[in-house]
Every structure is written in structure tokens, then in C-alpha cells.
Amino acid sequence: MKLKKILSLIILTVLFVNAFSIFSFAAYDTAVTSPLTDETVDTTFDEIVFTSPEGSLTTLRLDGVLLAEIISLGENRVDIDRELSVGNHKISLASAYGDDIQLSETYFNVQKTHESILYIGDFTNSNLCSLSPNENVAAGINSAGDTVYAASGFRTGASGEEKGAVGFRIGERTAVEPTVHQHGFYYGLTTTSYSLNNGFILEYDLKLNNIGLFEIETKNKSGTFGSLCTQGLFGTDGKIKGTNYSYPQNKWMHVRHVVDVANYNEDLWIDDNLVIENKATTNALKNLTNMKFQYFPSTSLQEQEFVIDNIKLTGSTTYKGFNDILYQNNSGEYVVATNDVVTQPTNSVMLSSDMNLSELSSWDEFKVFVDGFEVEISNKYVDEDSNLIIVFPNLLEGVSRISVEAKATFNKSVSINLMKKFDLNTLNFGLREISYSLNGKRCISENQLKSGDELSAEFKLKNADGYTKSAVCVMGVYSKDRIVAFKTVTVEVPRYTGSRRTAISVTIPSGDDFSVECFVIDTYTDRNVISLLSKIGY
């Protein structure tokens, strides 16, 4: 009796473990967790994170090219061994576990952000820029009838922490003259020679007391005044205006303005704290000519000041690649290719872009691939609206995929890899798709192939012409570099047929390291290969 109980416990334990294993398997769906769909990453992005059923054979393809094939650990990470091109990308996942096949696709965007330091003012060794030394300015008369003087320059605290900073003071007749505003005092930074219209980062160290108002005032080429974030940003109440954030008083803080001029938003960071996020801006920040660190004191004689140091202005430009694909129709007009699919034979395409292609210094590389083969083009140029025009020597017809791959230099220094892929649905007669199955189940990897298995390739063809056409579908199976099976089938496709299906099946002979290739030959005209070389999973 005791033995039976022990056996029962063992059986229950085994059943529990099996059930837990099944549960664990189901817990991991096939999905990309980084990057997410529609997410935008920088070209420094170098790792894809995904899940798939633990123990499953999983293939990861990036833009149709096999990147990894692994036995899944449940949660997986795969390195990207090259800098991604700027533009749109596609990740395809497929996992096989027994008879279970799971598929997932993710589309994401890649941009390149280039930063260049335009100005640094650390105010060391009398580097006071435009400030004039050894002068004092009478700023006005206070309520007691005393003259209030403004001065700026080197100030050395007890610990020497402020040596090399620029300070503005009231009630002290020392140091260097600042520029005097009607009611306040500022340090001005001229930006005329800088290109800031894409975006910029302004950062500085700042020390304030709790009386007075501090802000960054801007002025653009049209004479329009504005402010970074808001007027009176550092308020007299010790708060950042419009927030509940209390900034440090009588202590150094690091301030960082991140301004996306092109997309009309800005962020404010203080000591690594994100204080204002994605605040909307206006055209006042376009074509800037001046920025002022501006302080407005009260009328009291009480000592008031702001002290700044380590000012750095960084230009920031974001390159996002190409957007829409447009093609020239029979009337010579460019029309948008919906979902990046060209549906009419054409010899000229247009790639629109958020980038300012007028800043293009050179094309270091420029290649166009048609169905996987590099082809010559007649011309390429940037039009007055900053679109890229590509002209082909012949009409694009009878092909399925175009890929533009280029390396460009902007502003004589920024090197960017660009890519744009689009499809053509202009075939009157040809292959639409090949899909593979093994023993009646979908096949996603050549590593699934074993001797004795039944391998099938299903060909889908179309014929948009008004008469019947025929083609030869070809499948070859290889063991290493040796062909071990070869089979063809001739199929007639009636006129105006959107999808005619035919299949080739073979029993895989003895061998190992199997691979498969399929393609289609047009028997109606010149017996040309009319499809891409297809392999499992493509």
C-alpha cells in the first residue's frame, strides 16, 4: 500500500512538472520587446530583445536577412553587428516547437542624431567673452535714494568654488560691467553664426539667491523675442514657473535646455531631473540671433545675484531618412505609392524626406538593387523641395522589390547610411509568393530538414494579361554543396488570374546540412528567370 502511494506521488509529480512545462512554454509568446512597433531608435541601437517559446527553434530576420537562428531561452537577446541605416526597418520572428508555429513582425524607425559643440564659455583665465572689465554701471536709485550699481566678473568665494564664473551683483562696486537692461542685467550670447534651426542644447551651471527673477530670453532674425521654456523661468518664490519644482537656492545647479526647433518642443533638466518635458514652442525659436541669461532684481538693497559658469551650446541635428515613395505616372505627375507599393510601370521615383537634402555635401556610395541585383540608374538629383529623384533607364515593370542603399555626407562632416525599400506590383505575369511546409506543417528554417521528411514548396503565380501563359516552377534540394533532389513542374496560368497555386513536393534523401532553392522560369517568351531566388523563410 505504501509503495502504491509513493508511485502515485511520483506520477502526480511528473504530471505536475509536465503541466508546468506546458505552462512555461505557453508563457512566452513570439514577440519583439525591443524595439517596439513604431518606436524610433538611434543608430547606436545594437540589440534586439524578443521572446519565443522556451526550447523552440526561432529565426530572427532583419529586413528579410537572417540575423540569428537559435533554440529559444524564452527571453532572448541578439546583437546587431553593424550600424543600422537611417530609415524604416522590419523584424520578422518565427518559432517552431513541434507542430506549433508562431509568427510575429515588428516595424521600427532609425534616426541619427548628430551633436556638435558650437560654443563653450568656462570663464577661466579672464575668458569673459564680450564683457568689458573694470567698469561699474549705475543701475538706478533704490527706494532709500541710494545709487544701485551693477557689476560682473570674477568672484572668489570662501572655498574658491566661484573662481572663473561670471557674476552679476547689485550693491557691490567691483569686477566687470555687464550689459544693463532697463530693469535687469544679462549676459548675452550671439548665435548668428550658428545653425540652430534643427535643434540645440544649451547648458550651464547656475547659482541664484531667492530674490529676483532669472530667464533665458531669445531674439530671432525677424526681431521676435521669446524665452526658453517660459518668461521668468526661475521665479522669486524658488519654483520653476508653471511647476512645483523647487530649485536649489544659494547652491550650484546644472541646467540643461534641450530644444527641438524643427518639431516645436523643448525639455528642461536641472541636476539630472526632468523638470519640464515636451513643452510646445513657436516660430520665435526659428533663426535665432541672440540668447540672454537675464536677471531682474527687486528694488531692495539686499545683496542679489546670479552667477553662471561652464556655458555650452551644442547644435543638434536629427536625420530621419526617407519618408514616402512617389512614382511618376503616365501624365508625368508624381503620386504617392500607398504602403510603399508602386502599382504602375514607371522609370522615375521620388523619395521625400524630413532631412534637409540641400545640406548634402556628397554621395559617398549610392546603390540601387532590383530584386536583389544591383542595377545602373540614369540620374539622381535633389529637387528644390529637398526630394531625391531617381531616374531609371527603363520602365520598372516585371520586378517585385527595389532597394536604395546609400552613404551620404551632410555639412561636410556627418556621415549617414540611408536605406529605403519599396515593392512593385506591376507584374502582368510572374510569381507572387513561395511558401514551404514540412510533413504538412509550415517550415521556417532549413535546420528543420531531415532525411525522410516530406518537403513541399507552394508557388503562387499571377497573370494579369488577356491570354493564358505558362511557367516552369523549379525546386532544388542540396546537402552541403551537393544537389540531392531536383524537381520541376510546368503550370499554365489562365488570363486575368490573381493567384494560381501549384506545389512541388519531394522526400528528402539521405544526407545532412540541407538547403533549398526555388525559382520560376517564364516559358512563354524568352524563358527568363522571372522571380527572386527563394529560400526557406524568405
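Along the sequence shown, the residues carry numbers beginning at 1.
Shown here for Phe514 and Glu446, the closest heavy-atom pair between the two residues is O-CB, 3.5 Å. Residues Ser358 and Ser386 approach most closely at N-OG, 4.0 Å, considering heavy atoms. When all heavy atoms are compared, the tightest approach of Ser378 to Phe392 is OG-C, 3.5 Å. Among all heavy-atom pairs drawn from Lys535 and Val516, the shortest one is CG-O, 3.6 Å.
Remark: Lys286 qualifies as a cation-pi partner of Tyr264 under the 6.0 Å distance and 45° angle criteria applied to the six-membered ring.
Counting only heavy atoms from C-beta outward, the side chains of Leu455 and Asp453 never approach each other to under 4.5 Å. Looking only at side-chain heavy atoms (C-beta outward), Tyr327 and Leu424 stay at 4.5 Å or farther from each other.
Ring orientation note: the planes of Phe214 and Phe293 are tilted relative to one another, at an angle of 30° to 60°.
In this structure, Asp423 pairs ionically with Arg401, as a charged nitrogen and a carboxylate oxygen lie closer than 4.0 Å.
Checked options Thr426, Asn330, Asn329, Asn425; the residue passing with Gln344 is Asn330 (criterion: side chain to side chain donor-acceptor pair (under 3.5 Å)). Each of Asp205, Asp271, Asn310 was checked for a side chain to side chain donor-acceptor pair (under 3.5 Å) with His254, and the lone residue meeting it is Asp205.
A ring-centre distance under 6.0 Å is not found for His257 and Phe200.
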